[in-house]
Amino acid sequence: MRDQLQRLLEAAIDQLRRQGLLPEQARVAVRVDRARDSAHGDFASNIALMLAKAAGMPPRKLAERIVAALPKDPSIRRVEIAGPGFINFFLDPAAQFAIVRRVLEERERFGRSDIGRGRRIHIEFVSANPTGPLHVGHGRGAAYGATVANLLAATGFQVHREYYVNDAGRQMDILTVSVWLRYLESCGESLPFPASGYRGDYVRDIAARLRRQVGESYRRPAESVLEGLPPDAPAGDKELYIDALIRRARQLLGDQAYETVLRTALEAILADIREDLEAFGVRYDRWFSERDLVASGRVEQALALLDQGGWLYRKDGATWFASSRLRDEKDRVVVRENGQITYFASDIAYHLDKLERGFDRLIDVWGADHHGYVPRLKAAMQALGADPERLEVRLVQFAILYRGREKVPMSTRAGEFVTLRQLREEVGRDAARFFYVMRKPEQHMDFDLELAVSQSNDNPVYYVQYAHARVCSVFRQLAEKGWRRDVDQGMEALTRLTEPHEQALLATLARYPEIVERAALQREPHQLTHYLRELAGEFHTYYNAHTFLVEDAPLRNARLNLIDAVRQTIANGLGLLDVSAPESM
RNA sequence: GCGCCUGUAGCUCAAUCGGAUAGAGCAUCGGCCUUCUAAGCCGAGGGUUGCAGGUUCGAUUCCUGCCGGGCGCGCCA
């Protein structure tokens with residue numbers, strides 16, 4: 001409908017131009033918006049205001065000419081000029097009824113579109129280091145990424161969801177040593193636990209598993225482990241200490257046993273993460289291993305490519321990428337003095353790999369604390385000859401947990417953080433998923449645990465689900481009263497839906513496909529949650545104001561068709577959020 | 001110090017590439033269950049959109065400066 005109005009306006013303006021009433025250069029994209037206020041009709045355009053200056057006439061005068069030149073269209077009942085020069089369109093009510101037919105014909109497909117035209121999008125999200133369970137901070141990225149992926153898939157993009165597993169590098173070594181030390185403890189050795197080791201209980205669990213697997217064969221005397229190590233914090237440097245400990249562990253265990261400890265830890269944690277995300281409704285097409293990437297030589301290849309382009313140089317024994325030539329604030333190390341590649345180097349290779357896999361667009365969802373990383377990665381893309389615009393980084397701000405008034409501590413030390421699993425167990429998947437995407441991603445968010453579990457009208461999840469359950473309940477009542485639904489009769493009688501509440505619902509239903517499209521293109525799932533709240537609200541109002549199961553059969557069936565369309569739309573919307581649509585509550 | 005995000009009702013947040021009278025929910029106050037689920041509905045009050053300028057027919061939205069909050073500025077990941 002909107003497109004149609006746009007075409008009509010364009011035609012009108014073309015005509016004015018041919019008549020010489022508008023100068024050639026007066027060209028502005030014609031836009032038609034849904035009117036915010038129903039007093040302004042169904043759609044409104046500000047085109048006369050935009051062109052007034054170029055046309056050299058007052059906006060209202062120009063609006064009058066445009067309206068006069070507007071081709072006739074049967075679905076438009078009336079056109080008004082209002083305010084400073086807005087052109088307001090009032091649609092014929094009959095045109096509004098068609099939405100019910102459309103929803104009930106398209107069913108689950110209602111709201112889906114092909115605007116993506118099959119273009120391939122790679123979306124990487126969560127990608128938390130596999131050094132511990134996911135915590136609530138990861139939850140927002142998970143919910144956001146998964147929902148954006150769903151929205152894109154629903155709008156005709158071919159979506160590939162990926163988790164980048166940072167299973168190479170120093171953090172994995174620290175985890176390995178942490179597990180081994182806990183293992184030694186369980187064997188009866190007594191040693192201090194390093195300041196920068198991983199302290200969570202899950203480390204002990206993995207140590208216990210390791211002990212079941214290998215018995216005491218990895219046991220080494222505490223003295224041999226600690227002998228000659230530099231002091232740990234607070235007296236010494238905890239980083240130097242942990243690095244020395246890592247070397248010692250390798251040396252005492254040998255490469256093979258060390259690798260076994262690492263793999264045991266990695267597999268346990270990855271299985272846990274995978275399970276957690278699955279229960280959260282988040283699935284991936286691929287789990288991409290950094291270790292595999294490094295082992296395949298892809299990192300060297302990527303660096304060689306940069307080198308060929310003249311982007312690398314050596315300084316202080318390290319190899320640097322000249323990213324400052326591409327709008328990064330400084331150059332970045334890709335190979336350290338000790339010969340090890342940096343995380344950044346493998347990330348360059350990873351993104352090169354994504355590009356080579358032929359995706360039209362790459363979306364990375366990161367925590368906002370990584371924002372400083374964006375320019376260097378874009379610089380790398382450009383240096384590799386790719387358009388940096390193909391990479392789109394979406395930064396998600398942190399969620400601060402509250403229990404009522406009280407802030408929930410989130411310190412990682414002492415394993416004090418709230419895990420995603422705990423959150424899900426406490427508030428449930430539906431509330432968690434819905435709450436996480438209720439806010440714009442760049443908004444700092446307060447997540448109130450009490451509110452999320454509360455079964456009341458202040459909980460938007462239940463509010464929306466309740467609307468769905470209520471419709472289902474009406475249909476159950478229909479059967480109990482011994483009536484049969486007649487869909488066709490209801491369609492014939494749609495014109496009986498003249499109540500303001502019904503008109504409002506029809507207009508809101510008609511907006512749904514636009515909402516999905518906008519939410520997808522702007523990567524803003526919160527638009528969908530807000531819409532669903534509004535739709536549910538209008539339904540609840542309608543429910544209270546009118547009885548659906550009336551004696552008048554045509555009217556009854558028309559209303560049933562309308563609320564069935566509402567139910568379907570809510571179910572579709574919740575589906576995109578991976579939130580359930582219960583039939584009773 | 002530099003960079004990114006942010007500041008809207010008492011609280012949590014919306015506001016359609018700059019649109020008309022800035023909207024919801026919660027909280028507060030007052031109503032509605034012999035009728036399809038009261039996890040609901042109806043009504044009332046509540047605002048100098050952090051501050052000061054600028055651009056514009058029109059600014060919460062864009063620009064500049066200031067003030068406040070979050071985050072980042074490693075041969076860590």
Side-chain angles (χ1 to χ4, degrees), chain A residues 29 31 33-37 39-40 44-46 49-50 52-53 58-59 82-86 88 129 131 166 168-172 174 196 239 290 315-320 329-330 332-338 340-344 346-347 367-375 395 397-398 400 402 405 438-448 451 454-463 465-467 469-478 480-481 511 514-515 518 522 526-527 529-530 533-534 536-537 539-550 559-560 563 584-585:
Chain A
R31 270 193 60 211
D33 290 315
R34 285 193 179 271
R36 293 188 189 195
D37 186 338
H40 301 142
S45 178
N46 62 356
L49 293 158
M50 305 287 281
K53 184 169 276 185
F86 290 101
N88 293 338
N129 284 348
T131 51
N166 294 127
R170 185 162 170 269
Q171 295 306 316
M172 285 310 297
I174 296 176
S196 48
E239 302 301 330
E290 184 187 3
K315 192 183 83 178
D316 303 332
T319 305
W320 298 71
E329 54 185 19
K330 55 178 107 166
R332 309 290 173 177
V333 171
V334 285
V335 183
R336 287 198 283 265
E337 196 178 359
N338 64 11
Q340 285 180 336
I341 57 160
T342 60
Y343 171 83
F344 179 45
S346 52
D347 221 13
D369 53 338
H370 286 74
H371 64 79
Y373 198 80
V374 178
L395 298 170
Q397 292 288 340
F398 293 113
I400 301 164
Y402 283 85
R405 295 271 84 170
M438 241 167 37
R439 310 295 178 217
K440 306 193 263 240
E442 66 267 28
Q443 240 330 321
H444 304 260
M445 180 172 88
D446 291 342
F447 194 127
D448 187 342
L451 181 58
S454 73
Q455 298 198 348
S456 69
N457 50 359
D458 47 355
N459 189 326
V461 190
Y462 288 114
Y463 186 83
Q465 290 180 320
Y466 185 46
R470 266 185 152 175
V471 176
C472 295
S473 172
V474 172
F475 281 98
R476 284 192 295 272
Q477 281 293 320
L478 177 78
E480 278 176 33
K481 293 195 186 216
R511 272 170 49 214
E514 291 166 25
I515 294 289
R518 287 176 53 88
Q522 299 181 7
H526 78 278
Q527 295 194 21
T529 61
H530 282 275
R533 218 220 164 266
E534 188 182 333
F539 169 76
H540 287 309
T541 297
Y542 179 41
Y543 180 96
N544 276 270
H546 299 283
T547 306
F548 308 146
L549 301 178
V550 291
R559 287 182 169 170
L560 288 174
I563 65 170
S584 66
M585 289 173 72

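Per chain, numbering begins at 1; letters A, B, ... match sequence-line order.
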Taking only the side-chain nitrogens and oxygens of [X], find out if one of them lies under 4.0 Å from OP1 or OP2 of [N].
X         : N       : answer
Arg336(A) : rC76(B) : yes
His526(A) : rA15(B) : yes
Lys315(A) : rC75(B) : no

When you measure from the side chain of [X], which nucleotide among [options] comes out closest?
X         : options                   : answer
His530(A) : rU6(B), rC73(B), rA14(B)  : rA14(B)
Arg476(A) : rG40(B), rA24(B), rU37(B) : rU37(B)
Tyr462(A) : rG25(B), rA39(B), rA38(B) : rA39(B)
Thr547(A) : rC76(B), rC36(B), rU56(B) : rC36(B)
Arg533(A) : rG74(B), rA24(B), rC36(B) : rA24(B)
Met50(A)  : rG19(B), rU6(B), rC13(B)  : rG19(B)
Leu49(A)  : rA38(B), rG19(B), rC76(B) : rG19(B)
Lys440(A) : rC36(B), rA15(B), rC57(B) : rA15(B)

What I want to check is whether an N or O donor and acceptor connect the side chain of [X] with the base of [N] at under 3.5 Å.
X         : N       : answer
Asp369(A) : rG72(B) : no
His371(A) : rC71(B) : yes
Asn88(A)  : rA20(B) : yes

Sugar-phosphate, base or nothing in reach of [X], heavy atoms under 4.0 Å:
X         : answer
Ala545(A) : nothing
Ala318(A) : base
Gln171(A) : sugar-phosphate

Is Arg533(A) close enough and on-axis enough to Tyr463(A), meaning under 6.0 Å and within 45°, for cation-pi?
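Yes, a cation-pi geometry.
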
Opposite nucleotide pairing with rG19(B), Watson-Crick or G-U, both atom distances under 3.5 Å
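rG19(B) is paired, partner rC57(B).
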
Stacking of His370(A) on rA77(B) base (centres under 5.5 Å, planes under 30°)
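So His370(A) counts as stacking on the base.
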
When rounded to the nearest Å, what value does the distance between P atoms of rG23(B) and rU60(B) take?
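The answer is 13 Å between these two P atoms.
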
